[in-house]
Amino acid sequence: QVQLVESGGGSVQAGGSLRLSCAASRSMYSGYCMGWFRQAPGKEREGVATINTGGGSPYYADSVKGRFTISQDNAKKTLYLQMNSLKPEDTAMYYCAAIIASLHTLCGGVTWSRYNYWGQGTQVTVSS
């Protein structure tokens with residue numbers, strides 16, 4: 001079992017920045033896809049950024065490329081999402097999630113519904 005706890009959400013104006021953190025209850029180094037997902041009211045949950053903790057290039061949704069950066073700190077057992085140049089359309093509940101995966105898994109191809117470890121979410125609100 002893995003527990004994930006997100007933090008760092010909040011309210012910012014358009015153009016601002018936030019950094020989300022996801023603390024894991026155990027080391028996630030190698031062997032997992034981990035990622036950030038978001039869900040706005042009335043919309044389906046969508047993938048924002050994912051990473052294979054064993055290495056490889058991260059995946060970003062087209063809507064956040066160039067603005068968001070996913071990273072991991074294995075020593076701190078923490079996953080981050082640096083969000084810059086925020087837009088009102090980024091407003092959503094943001095979730096951290098994980099699933100066991102091989103080193104060769106392209107995590108960008110794993111749909112959110114397959115992830116089996118989820119945090120409780122952290123709200124991000126961007127005002128214009």
Fill in the blank from the handout: Given the options R38, R45, E46, W112 meets side-chain contact (heavy atoms from CB on, under 4.5 Å) only with R45
Exercise for the section: Indicate yes or no for a side-chain donor-acceptor contact from N84 to the backbone of G66 under 3.5 Å, with no hydrogens or angles considered. Expected result: no
Exercise for the section: Indicate, with yes or no, if I100 and W36 share a hydrophobic cluster defined by side-chain heavy-atom contacts under 4.5 Å among Ile, Leu, Val, Met, Phe, Trp and Tyr. Expected result: yes
Exercise for the section: Kindly say whether the aromatic ring centers of Y95 and Y115 come within a distance under 6.0 Å. Expected result: no
Completion exercise
So OH of Y60 and OG1 of T69: to nearest 0.5 Å the spacing works out to 4.5 Å
Exercise for the section: Decide yes or no for V124 and L20: does some side-chain heavy atom of the first lie under 4.5 Å from some side-chain heavy atom of the second? Expected result: yes
Problem - Straight-line distance of R26 CZ to Y117 OH, nearest 0.5 Å - result: 7.5 Å
Handout entry: Residue pair A92 / A40: nearest heavy atoms and the distance that separates them
Key = CB-N, 3.9 Å
Problem - Common cluster, V110/W118, ILVMFWY with side-chain heavy-atom separation under 4.5 Å - result: yes
Problem - Nearest-0.5 Å distance, CG of residue N116 to CD of residue Q1 - result: 8.5 Å
Exercise for the section: Using atom types as modelled and distance alone, determine if a side-chain donor or acceptor of T122 lies under 3.5 Å from a backbone N or O of Y94. Expected result: no
Problem - Close side-chain approach of M28 and V2, heavy atoms under 4.5 Å - result: yes
Exercise for the section: Verify the neighbour count for atom CG of L106: are there more than 12 heavy atoms of other residues, nucleotides or ligands below 6.0 Å? Expected result: no
Completion exercise
Smallest heavy-atom separation, S30 atom then L103 atom, equals OG-CD2, 3.3 Å
Exercise for the section: Indicate if V48 and I70 have the same hydrophobic cluster label, given that clusters are the connected sets of ILVMFWY residues with side-chain heavy-atom separations under 4.5 angstrom. Expected result: yes
Problem - From OG1 (T111) to CZ (R114), nearest 0.5 Å - result: 6.0 Å
Completion exercise
Closest non-hydrogen atoms of A14 and S128, given as atom of the first, atom of the second and distance, are CB-CA, 4.3 Å
Problem - Minimum heavy-atom distance A49-L81, with the two atoms named - result: CB-CD1, 4.1 Å
Fill in the blank from the handout: Scanning both residues in full, the closest heavy-atom pair of S27 with Y32 reads O-CE1, 4.4 Å
Practice task
Determine, for D90 against K87, whether the closest basic-nitrogen to carboxylate-oxygen distance falls under 4.0 angstrom.
Solution key: no
Handout entry: Side-chain touch T50/F37, heavy atoms, less than 4.5 angstrom
Key = yes
Exercise for the section: Measure the shortest side-chain to side-chain distance between T91 and Q123 over non-hydrogen atoms and say whether it is less than 4.5 angstrom. Expected result: yes
Completion exercise
d(C22 SG, K77 NZ) to nearest 0.5 Å is 12.0 Å
Handout entry: Distance, nearest 0.5 Å, that separates CD of Q120 from CE of M93
Key = 8.5 Å
Exercise for the section: Measure the shortest side-chain to side-chain distance between L4 and E6 over non-hydrogen atoms and say whether it is less than 4.5 angstrom. Expected result: no
Handout entry: Minimum heavy-atom distance between S17 and S85, given as atom pair plus value
Key = OG-N, 4.3 Å
Practice task
Please examine the side chains of M83 and V12, heavy atoms only from C-beta on, and report whether any two atoms are closer than 4.5 Å.
Solution key: no
